[in-house]
There are 2 protein chains.
Amino acid sequence: MTDYERLSQRLKLMAHPERLRMLDILRRSPECVCHLEALMDRPQPYISQQVRLLHRAGVLRSEKRGQNTFYRVADPEMLAWLDQVLGPVPEEEREIHHLLPDCVCPKCQREEVRLYA
Amino acid sequence: MTDYERLSQRLKLMAHPERLRMLDILRRSPECVCHLEALMDRPQPYISQQVRLLHRAGVLRSEKRGQNTFYRVADPEMLAWLDQVLGPVPEEEREIHHLLPDCVCPKCQREEVRLYA
DNA sequence: ACTCTATATGCAATTTATTGAATGTACGAT
DNA sequence: ATCGTACATTCAATAAATTGCATATAGAGT
């Protein structure tokens, strides 16, 4: 496999509107599948599929917290690319969880977290 | 069209091994189709097709010199992305035409150019 | 053990991208 | 006018990506 092949395979992960948006969310703070589902307004299997693609490629890291699985962008190369393509994440937007009225995920249900919104 | 859609469409242009390689060549110096053909070892219609894709999207600019059409990467956004993904082009590798023994393009036939190889 | 919840997986239908190959065109040289 | 060169276009075959939907699983709570 040439360098160009390796790079283009990873670029393909970004070169998709829904995945790009998902990456833009997950580079800010870890989110669970059900939160992504509410945020992106897509059926859960759809979210899981895209997450899987990114996870298999080593772009996302997963972390179980109770019932939920939280994903975050954990790949430095991808993070650098995202910074270049989307612009860097402003300091004040980091680690902020976007609360959603119709989201059932634990972060959206806890009052303490609501303070950051 | 959302931002994510616009960006992913342009990212798709890079997310292809042959086009990425072509872009890597054309960000260094302008080259004609027949030279790309020799460099990349692909049939001429194949080269023309990929060139067209990139040209239509505004990534490449074309310039006629005699019989030949030279293409170069003219889009600042794409150039920045290429720098991020492939690393910047070293100063000493800029504007250098890679001479090929089996290439019939004018640059490869002129002795003066040979000095830079 | 049953149930509920969060998430994962499998599969088929469709769409889109990729590639090869034939053919077309424009233009300079003879 | 015809020929050759450089490049462009078109089309069809194939491969790959995308998406929707049905279903599976694993673990927590009852």
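In what follows, chains are A, B, ... by sequence order, proteins preceding strands, each numbered from 1.
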In whole Å, I'd like the distance from the [atom1] atom of [X] to the [atom2] atom of [N].
X	N	atom1	atom2	value
A:Glu18	D:dT18	CD	C1'	11 Å
A:Met14	D:dT18	CE	P	13 Å
B:Glu5	D:dT18	CD	P	13 Å
A:Asn68	C:dA8	CG	C1'	14 Å
A:Gln50	C:dT7	CD	C1'	15 Å
A:Gln9	C:dT18	CD	P	13 Å
A:Glu37	C:dA8	CD	P	11 Å
B:Met40	D:dC7	CE	P	15 Å

*asked:* Any non-hydrogen side-chain atom of B:Gln44 less than 4.5 Å from a side-chain atom of B:Ile47?
replied: no

So, is [X] near the phosphate of [N], with a side-chain N or O under 4.0 Å from OP1 or OP2?
X	N	answer
A:Arg65	C:dA6	no
B:His16	C:dT19	yes
A:Tyr46	D:dT19	yes
A:Arg19	D:dT18	yes

Could you go through residues 76-84 of chain A and list every donor-acceptor pair under 3.5 Å that involves a side-chain atom there, pairing it with any protein atom two or more places apart or in another chain?
{"from": "A:Glu77", "atom 1": "OE1", "to": "A:Arg10", "atom 2": "NH1", "distance (Å)": "2.5"}
{"from": "A:Glu77", "atom 1": "OE2", "to": "A:Arg6", "atom 2": "NH2", "distance (Å)": "3.1"}
{"from": "A:Asp83", "atom 1": "OD1", "to": "A:Arg27", "atom 2": "NH1", "distance (Å)": "3.2"}

*Residue pairs passing the salt bridge (Lys or Arg N to Asp or Glu O under 4.0 Å) test where at least one lies in residues 42-54 of chain A, sequence neighbours excluded*: A:Glu18-A:Arg42

Provide a list of protein-nucleic acid N or O atom pairs under 3.5 angstrom, restricted to nucleotides 27-30 of chain D.
{"from": "D:dA28", "atom 1": "O4'", "to": "A:Gln67", "atom 2": "OE1", "distance (Å)": "3.2"}

*asked:* Need one value for A:Tyr71: base, sugar-phosphate or nothing, where a base atom within 4.0 Å counts as base even if backbone is also close, heavy atoms only.
replied: sugar-phosphate

_Classify B:Ser48 by what it touches in the nucleic acid, base, sugar-phosphate, or nothing, heavy-atom distance under 4.0 Å._
base

_Residues that B:Asp3 engages under side chain to side chain donor-acceptor pair (under 3.5 Å), provided they are two or more places apart_ = none

_A:Ala15: side chain to side chain contact (heavy atoms under 4.5 Å, CB included) partners, not counting sequence neighbours_ = B:Leu11, B:Lys12, B:Ala15

*So, B:Glu63 and B:Arg65, do they make that salt bridge, N to O below 4.0 Å?*
yes

*Under 3.5 Å: donor-acceptor pair, side chain of B:Glu93, backbone of B:Pro90*: no

*asked:* Once hydrogens and angles are ignored, does a donor-acceptor distance under 3.5 Å link the base of C:dA8 to the side chain of A:Gln44?
replied: yes

*Please collect all ring-ring contact (aromatic ring centres under 6.0 Å, His included) contacts where either partner lies in residues 29-59 of chain A, sequence neighbours excluded, each pair once.*
A:His35-A:His97, A:His55-A:Tyr71

Find every protein N or O atom lying less than 3.5 Å from an N or O atom of nucleotides 10-16 of chain C, and list the pairs.
{"from": "C:dG10", "atom 1": "O6", "to": "A:Gln49", "atom 2": "OE1", "distance (Å)": "3.4"}

*Could you tell me which residues satisfy salt bridge (charged side-chain N to carboxylate O under 4.0 Å, His left out) with A:Arg94, sequence neighbours excluded, listed by chain and number?*
A:Glu91

*By salt bridge (charged side-chain N to carboxylate O under 4.0 Å, His left out), which residues pair with A:Arg21, not counting sequence neighbours?*
none

